[in-house]
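Below is one structure, written out as structure tokens; comments come after it.
Every number for a ligand or one of its atoms is a count from 1 in the order of the listing. Counting from 1, the numbers follow the sequence of the chain as shown.
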Amino acid sequence: MTRISSVSLRRVLDSRGNATVEADVLTDAGGFGRAAAPSGASTGEFEAIELPAQEAIANAREHAVPRLVDTVYAGDQRAVDNALRAADGTDDFSEIGANSAVAISMAAAKAGADTLGAPLYQHLGGAFRGDNFPIPLGNVVGGGEHAKDATDIQEFLSAPVGAPSVEEAVFANAAVHAAIGDIFDERDIGAGKGDEGAWAPPIDDEEAFEIVDEAVSQVADEVGFEIKFGLDMAAAEMYENGAYQYSDGEKSTDEQIEYVADLVEEYDLAYVEDPLDENDYEAFAELTEQVGDQTLICGDDLFVTNVSRLQDGIDANAANSILIKPNQIGSLSDTFDAIELAVENGYETIISHRSGETEDTTIAHLAVATDADYIKTGTVAGERTAKLNELIRIADDAV
Ligand SMILES: C=C(OP(=O)(O)O)C(=O)O
Ligand SMILES: [Mg+2]
């Protein structure tokens with residue numbers, strides 16, 4: 001039986017050294033699941049609410065745990081998530097915290113899988129999943145909200161689109177990261193690392209483009225398959241007083257559209273996330289019209305894994321892909337609903353980590369379970385390699 005027999009919550013560290021919520025769920029039959037909530041730094045305005053960890057834990061213990069224990073079956077994910085929604089009573093999980101909600105939701109899924117003796121990706125995705133793997137987008141250079149005194153653009157992402165296997169793709173991204181480190185050494189550029197393990201160099205975006213382009217071509221030649229790159233511009237963070245604020249001046253919305261369209265052409269970008277402000281569906285639609293047949297225009301802060309915001313985007317023809325972050329919406333059921341709506345409407349899906357992470361590997365399983373096109377989960381750093389290594393294990397039938 002997958003009936004939940006206990007839910008324990010505790011405060012643990014995330015990769016930035018902040019407190020986050022970890023949940024353990026046990027079932028009558030001895031099934032066990034553990035999951036922890038990640039945390040964003042460049043969060044979207046419309047995300048579900050993350051409460052301070054202790055407050056989220058106290059509120060979830062009072063309101064959510066009694067509704068789950070001895071009542072709900074961990075194998076019935078909708079019932080788990082409906083109980084969390086009912087316990088919370090708000091649209092944005094501001095009562096029990098999206099951090100408690102998502103940790104419990106993911107831990108219950110793992111407990112359900114464990115009770116059934118199935119890997120998580122199979123419990124979530126069914127018997128026919130496990131043969132297709134997402135392309136990992138690997139953050140290799142970055143700045144923005146993730147590192148001070150580095151690039152304006154938040155993330156430069158290696159995209160090994162021609163890799164014959166997920167394992168080779170993961171190693172290609174690590175090789176691009178290493179090649180960039182070598183180029184910095186040659187140019188005497190001292191670079192630290194940002195929150196996600198990407199290089200955080202004190203250079204302008206133009207030089208970063210040149211270096212990433214060189215590293216990607218060099219590694220592609222070495223490995224013998226195509227590697228492109230992409231960006232997370234996190235433009236909502238730059239948008240102030242009606243314009244996009246760069247270190248060397250500001251750009252109007254029209255100038256930003258032109259700038260991004262030119263970058264797509266010049267560097268043959270595979271992917272551009274949040275190139276425009278999170279409230280500007282119209283500008284997203286204009287850019288998608290211009291370059292959407294050449295690249296992925298992805299909504300992260302724009303859609304926040306929320307079906308209603310995604311539906312608005314579909315209606316406006318804004319973007320052609322969606323970033324999926326379970327903690328932006330607070331439950332796996334809501335996450336699946338967003339993925340389903342995206343797929344039905346021809347939007348590609350990119351399952352994503354947050355800048356604050358733990359060793360939790362749920363998103364690797366989620367990507368395989370939903371046959372996602374891409375996964376964005378870093379390149380190096382233990383909390384990132386935890387997910388990448390889990391993908392390699394899934395491909396090797398070793399989970
Ligand atoms: C992973 C990201 O960063 P954060 O978690 O800080 O929102 C992102 O913006 O896509
Ligand atoms: Mg983003």
Side-chain angles (χ1 to χ4, degrees), residues 14-18 20 36-50 98-99 102 134 136-148 150-159 173 193-198 200 229-239 244 260 269-280 284 296-306 309-310 313 319 321-330 335 338 348-358 360 362-364 366-367 372 374-381 383-384 386-388:
D14 77 7
S15 53
R16 274 193 279 257
N18 295 328
T20 190
S39 175
S42 70
T43 46
E45 186 185 335
F46 304 100
E47 292 193 21
I49 303 298
E50 175 187 323
N99 37 349
V102 82
L137 295 171
N139 190 356
V140 287
V141 171
E145 292 296 300
H146 294 170
K148 286 201 174 22
T151 53
D152 288 335
I153 290 178
Q154 183 180 284
E155 300 167 25
F156 290 77
L157 299 151
S158 172
N173 283 348
K193 288 183 187 168
D195 286 350
E196 297 179 358
F229 70 101
L231 308 172
D232 180 1
M233 301 188 78
E237 301 290 343
M238 297 182 184
Y239 192 67
Y244 295 88
V260 178
L269 297 178
Y271 176 82
V272 188
E273 178 182 329
D274 282 349
L276 293 147
D277 183 57
E278 63 203 329
N279 289 299
D280 202 343
F284 261 92
L296 291 178
I297 301 295
C298 178
D300 169 16
D301 294 343
L302 179 72
F303 295 141
V304 292
T305 317
N306 179 313
R309 290 191 62 85
L310 175 59
S321 53
I322 178 174
L323 204 74
I324 297 288
K325 294 169 164 169
N327 82 319
Q328 281 184 325
I329 194 70
T335 303
E348 296 205 16
T349 58
I350 300 94
I351 312 295
S352 174
H353 65 171
R354 301 308 306 252
S355 50
E357 267 294 341
T358 70
D360 189 282
T362 308
I363 59 166
L366 180 61
Y374 292 85
I375 186 168
K376 185 174 91 153
T377 187
T379 304
V380 294
E383 70 282 1
R384 319 289 153 188
K387 284 86 166 154
L388 297 169

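The count of protein N, O or S atoms under 2.8 Å from the Mg ion (ligand 2) stands at 3, with waters excluded from the count.
Considering CG of L302 and CD1 of I297, their distance stands at 11.5 Å, rounded to 0.5 Å. In this structure, T335 OG1 and I363 CD1 are separated by 11.5 Å, a value rounded to the nearest 0.5 Å. Here the NZ-CD distance, from K376 to E196, works out to 6.0 Å after rounding to the nearest 0.5 Å.
Every residue meeting the side chain to side chain contact (heavy atoms under 4.5 Å, CB included) condition with S321, not counting sequence neighbours, appears here in chain and number order: L296, C298, E348, I350. In this view, D274 satisfies the salt bridge (Lys or Arg N to Asp or Glu O under 4.0 Å) rule with no residue, not counting sequence neighbours.
Evaluated for a side chain to side chain donor-acceptor pair (under 3.5 Å) with E357, the options R16, R384, K387 yield exactly one hit, K387.
Around ligand 1 you find G40, A41, S42, H146, Q154, E155, E196, D232, E273, D300, L323, K325, H353, R354, S355, K376, each with a heavy-atom distance below 4.0 Å.
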Run F229 and L157 through side-chain contact (heavy atoms from CB on, under 4.5 Å) and show every step you take.
CA-CA 5 Å; F229 70 101; L157 299 151; 6.0 Å; no
What verdict does the side chain to side chain donor-acceptor pair (under 3.5 Å) test give for N173 and S158, after you've listed the backbone C-alpha separation in whole Å, the side-chain angles of each residue and the deciding distance to 0.1 Å?
CA-CA 6 Å; N173 283 348; S158 172; 2.7 Å; yes
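Using a 4.0 Å cut-off between charged nitrogen and carboxylate oxygen, E47 and R354 count as a salt-bridge pair.
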